Amino acid sequence: MANKVVPRTFKASLRNHSQVEGDLDALGFSGSKLWNVGRWTVQRVWDEIEHIPEHDELTAYLKNHERYDDLHSQSSQRILQELAEAFHSWYSKRTNGDTRANPPGYRKHGDEHPRSTITFKNKGFKLDTENNRVRLSKGKNTKDYWSDFALCEYETRPDVDLPTVESVQQVRAVWTGDKWELHFVCRVEIEVADAPGESTVGIDLGICTFAALAYEDETAELYPLGCLKEDGYYFGKHIANCDDSSSERAEQLHRKWSNRRTHYFHALSKHIVERCVEKRVGSITIGDLSGVREDEDDEVKNWGTHGNLDLHGWAFDRFTNILTYKAEMQGVEVNPVSERDTSKTCSCCGRERDSNRVERGLYVCDSCELVANADVNGAENIRQVPLSPSAVSAADRSNGWLAQPSTVLFDKETGSFVPQEQVRS
Ligand SMILES: [Zn+2]
């Protein structure tokens, strides 16, 4: 056991929601306006000199703009930082060959995010944990004659105590779609287990097979997570039937869908971490490109537009975050690596040739005649990324296992994962 300081977020509801709603709405809309001003500025800079400004450059451009003073300066700064991060993340996905990634857009009324999340840093909030109150600072322009802050009374879950005031780094006001809530971002000390071992595993995330795992001990597992696909059809159909995509009913369906996805991701992460402990894995390498392989195009189209967007974009990142959090508690480290070329390269001889092909889910190498499960081949390549070449070749590994992964299915009845051969129905 060792102690480690980690970031943790505690959510809280607002007890005086109706009193502060107006103030928070005003701040959220101001955040969206500043975001749009920033968005427009980035575009201008890009058109002129083909450069995406870093957040400090963007802040330097805009700190005298009148919209900047609608929020506390630290809150404005944070909005521009998020914008710059979103642009750089989109740009690196594009550079890595993900043609589906879209640049961050403008925030309009009627959008999913008309009210931007507002972050308050140390100078922007004053917290009173004894009375469960927090003062959130407004900007110079939005101060009323009688008040320059919104006084929120919050309530955390009964089983959660907010750590000491000093540990709270940021307070975020987040619009959930029907109400505001507060997120307290803290640094807390936790006990983490010692690493279960020194072995490694590679994880390839995809649409057809949600996760493929290649372990150092020459075994492989596939997690198709069919429930994601079933939900995709179900919710996709019902949302499409809504008259208006921004209607209350449609938003409700989106939220329910997203909660169910989060549930699956927790269950799968928990299972994978348990497998790592059993197999003495100390380090997970996971592909971080949320793009989808070209041969899966047809599958993707069948999911309906919204399903794709959701799954391509944040779903893989979300899963990786949950996995990282759970793994870290067990002393297992998680390293995201670029997935670039990992699906095209032969994990056995390392060659990438045009004649190497994928047929019916099998990867066939023309050089060394390897026949592997395509997802396992990708996962094994990902596992090898951080290893030294000698650690890979000197191992003198067999390769028959690459073609024989075991498939593990999610059982909705019990909420656990079972090997396919044990599923009776
Ligand atoms: Zn080969």
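Both ligands and their constituent atoms are indexed starting at 1 by order of listing. In this chain, residues are counted from 1 in sequence order. Please read all numbers here as calculations on a predicted model, not as lab measurements.
- Listed by chain and number, the protein atoms of type N/O/S under 2.8 Å from the Zn ion (ligand 1) are Cys346 SG, Cys349 SG, Cys365 SG, Cys368 SG; waters are omitted.
- For Lys412, the salt bridge (Lys or Arg N to Asp or Glu O under 4.0 Å) test picks out Glu230, with sequence neighbours left out.
- Not counting sequence neighbours, the partners of Arg67 by the side chain to side chain donor-acceptor pair (under 3.5 Å) test are Asp70.
- A donor-acceptor contact under 3.5 angstrom links the side chains of Gln384 and Glu380, judged on distance only.
- Applying the ring pair (Phe, Tyr, Trp, His ring centres under 6.0 Å) rule to His65 yields no partners; only residues at least two apart in sequence or on another chain are considered.
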Salt bridge (charged side-chain N to carboxylate O under 4.0 Å, His left out) between Glu82 and Arg78, intermediate numbers included:
CA-CA 6 Å; Glu82 280 165 14; Arg78 181 62 201 156; 3.2 Å; yes
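- The distance between the ring centers of Tyr264 and Phe210 does not fall below 6.0 angstrom.
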